[in-house]
Undergrad: 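Got a structure for you, written out below as structure tokens; questions coming shortly.
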Amino acid sequence: MSSAAARDGELSDALPDISGLRVVRRFPWERWLTASVIVALLALIVRAFATGQIAWSVVGRFLVAPQILSGILNTIVMAVLAMAIGIVLGVIVAIMRMSPNPVLRTTAVGYAWLFRGLPVILQLLLWFNLALIFPTVTIPGIYSGRMVDVMTPFLSALLGLGINQGAYTSEVVRAGLISVDAGQYEAAKSIGMTGLVALKRIILPQAMKVVIPPLGNEFIGMIKLTSLASVVQYSEVLYSASSIYYANNRVIELLTVAGIWYLVVVTVLTPLQMLLERYFARGVAVHR
Amino acid sequence: MTKSLRSTLAIAGLVLFATPLQAGQLPDAIQKSGTLHLSINATYPPLDFKDPDTNKIVGFDVDLADALVAKLGLKIEWTDVPFAQLIPALTTGRTDFIWSGISDTPARQETMDFVDYLKTGPQFYTLTSSAYEKPEDLCGKKVGSIRSTQYPDLMRAWSAQHCEGAGRPAMDVVTGENSPDVRTQLKQGRIDGAVQGSETIPYISKQEGGVFKMLGSPIAPFYYGIAFRKEDKAFRDLIADTLEGLIKDGTYKKILDKWELSTIGVTTLTINTQPR
Amino acid sequence: MDRPIVAVRGVEKSFGTFRALKGVSLDVHAGEVVCIIGASGSGKTTLLRCINQLVAIDRGAIWLDGELAGFRRSGDKLYPLTEQEIARQRLKTAMVFQRFNLFPHMTALENIIEGPVQVLKRKRSEVIEEARALLERVGLAAKADAYPASLSGGQQQRIAIARALAMQPMLILFDEPTSALDPELVGEVLAVMKELARSGMTMLVVTHELGFAREVADRVIFMDHGGIVESGPADSVLSRPQEARTRAFLSAVLT
């Protein structure tokens, strides 16, 4: 082909025409091999559970026992309430962290450090046994009473789990606040907004798009974290299950019952969390 | 032959003659290794607990067990586990038998055999500084106990009879995770009284300068037993025989006295609360 | 001479070791359209941001309609103003940004009414009426309920101008309003700005659009390396610049 023809844009005819050939698919040996191995392992595990020392009739019997049902209800209630406290605290502390006031900033940093640094079970026990340090609770003019009457298992669990969650949420919210374009702060200030108003009207709503999906994940974690509240005598599902097996010695059966319920709750929540993520990702997706 | 030589030969003969019989009743694995693997819940002084200074597992159960296995020429390897893990440990074979202040109950007898070694019972107690004098004073009050034991049920039954049954308000039965938890709640005032095995209270109170006082007498006597799998009958009998030996030769009483348990020792050995 | 809307006196600003403004002074009078031109890094944008106090100055003074910006003077001492007081001062000067900065979670209409309703605490129904009129004025009445993500750059910038106007400021600061736009969209924004100028709005515009400056500006200021090099009537500075640096800049831009 002449160079003149090439310059005109004509295609070279030196290459073979393969447009009529058929693609042959290779048999995916590796895929079948790994799948077989995994299926075999799973079969072994299932068989072990099926033929092992678990009395499945006991599992079935207690699966919908009243204490178990009220236990899982208490689990969900505690998870929801503690998460709500955690989110409120997290937002407040994240805002404190960005304050020009150094005392507020340091307090925020200190809060996150303390409550992320102590194990949750320790926090729960400290709240429950707070009366050893503060025997009475006094709100001047409103209430005065014994700490042990105020710090019930429910309140100990709520404070322990909620305040702990707040420390983690504050970091998520802080990342969300930082993720909002600086221009948004500037535009808000330019129309005369102070920092707090700008946060409330402009920044936080945009930050929430980035903050809420990971919080969905944290909520699922909180469902399971509530099991720690059993050590302060809060009757969530693990407490209820263990109370039963303390009486009838069916330890593995009742643990299976509790495990099944946790899986049920998390299985229901997971697609909901994905829906939540997708809903918030809508606004973030680039349109232009 | 001299007198001493004859005694020596007699003793040697006894040992030589006795050992094959005993060895035959030990499970093979233990005989081979010479070691018993035992799970214990070391949170229950004076029976089973960890010495805060040395972190070693000590207590009445440990001392008596050590004395017992010395007679069999064995050693013990203790593993500390939560109370709720003891029975699963027996079922899975992780522990050779359970010797950890576990009580002999009809429900448990369905799956285990008990060699009873202490006769005790749940006991009401409260702070020495409180005004309560007798168990009935705790009617209508909050009384705590360890969740994983039989005590809460026993307390409710006692309350039904002695509180509600006598026109008094019912006892409010509260639970705690373990013995220190219950005592902490008592000291904070979250509960007004508590129930625990009567074997523990004198020892614990002595340690804290007499802070607790007992009310009345044990509400439901029961035995603590060494728990064996049903299929280990020969093993169980061997241990029972050895224990009887310790009772006869006074070792048992010495250890009881050491731990302030003189009042709750057994005199005749029973298996599953039945005499042999 | 009447009091200028904005009076800048000897303003200096450094960011770390970089001296962005090395002593700048200028006046802007009511109804004036002043265009600031210059290369990047010359300090033009920093100057605008000092005027509406997005940035605090190191030395000098800025007066907004006779009020000292950022400080309260008591005798020979200056007391920094609180955040609330500074926010109130910003009400006098609205700003239009290079990257529009519309609030993405609000519609065009909501963007425009946000300031008057939330900050000026005006009645919502009144403000909505005014906002629709403003949308009409910038040619986007049909886009009242559109979200910024569905609007072109030119449309977003016109909404941003409407948002600025809704605050009824004494002066609008424009920070390179067309630099981020595709070329075919520049015209619609300049058209709105020309209409604004004709209507008598005081405007301080940082721009590269020399055609716009020539057509609309009363004065042109050329800045370079943190200082004002030349300042004068638009026609003079752009056609017959007196400083060598101005000439160099203009010839570089115009080729």
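Per chain, numbering begins at 1; letters A, B, ... match sequence-line order.
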Undergrad: Given a strict heavy-atom distance threshold of 4.5 Å, which part of C/Phe97 is in contact with chain A: side chain, backbone, both, or neither?
TA: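 The side chain, not the backbone.
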Undergrad: Under a 4.5 Å heavy-atom cutoff, which of C/Leu173, C/Val96, C/Leu54 has the most pairs with chain A?
TA: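 Most heavy-atom pairs under 4.5 Å with chain A: C/Leu54.
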Undergrad: Select, from C/His105, C/Gln53, C/Lys92, C/Arg99, the one with the greatest count of heavy-atom pairs under 4.5 Å involving chain A.
TA: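 Most pairs with chain A among the choices: C/His105.
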Undergrad: C/Arg88 versus chain A, heavy atoms under 4.5 Å apart: side chain, backbone, both or neither?
TA: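 Neither part; nothing is under 4.5 Å.
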Undergrad: Using a cut-off of under 4.5 Å on heavy-atom pairs, state which of C/Met106, C/Met167, C/Gln84, C/Glu114 scores highest against chain A.
TA: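 That would be C/Glu114.
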Undergrad: Could you state the interatomic distance from OG (C/Ser199) to CG (C/Leu165), rounded to the nearest 0.5 Å?
TA: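 The OG atom of C/Ser199 sits 7.5 Å away from the CG atom of C/Leu165.
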Undergrad: Heavy-atom pairs under 4.5 Å with chain A: which of C/Asn101, C/Asn52, C/Ile86, C/Thr93 has the most?
TA: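 Of the options given, most contacts go to C/Asn101.
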Undergrad: What part of C/Leu102 gets within 4.5 angstrom of chain A, counting heavy atoms only: side chain, backbone, both, or neither?
TA: backbone
Undergrad: As a quick check of understanding, evaluate side chain to side chain donor-acceptor pair (under 3.5 Å) for A/Asn164 and A/Gln123, giving each step before the final call.
TA: CA-CA 8 Å; A/Asn164 172 70; A/Gln123 295 181 41; 3.3 Å; yes
Undergrad: Is it the case that A/Arg201 places NZ or CZ above or below the six-membered ring of C/Phe103, under 6.0 angstrom from the centre and within 45 degrees of the axis?
TA: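 Output no; distance or angle outside limits.
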Undergrad: In terms of heavy-atom contacts, does CD of C/Glu67 have more than 12 from other residues, nucleotides or ligands at under 6.0 Å?
TA: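 Enclosed.
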Undergrad: Can you confirm whether the side chains of A/Gln273 and A/Thr270 place a donor and an acceptor under 3.5 Å from each other?
TA: no
Undergrad: Is C/Lys13 close enough and on-axis enough to C/Phe15, meaning under 6.0 Å and within 45°, for cation-pi?
TA: yes
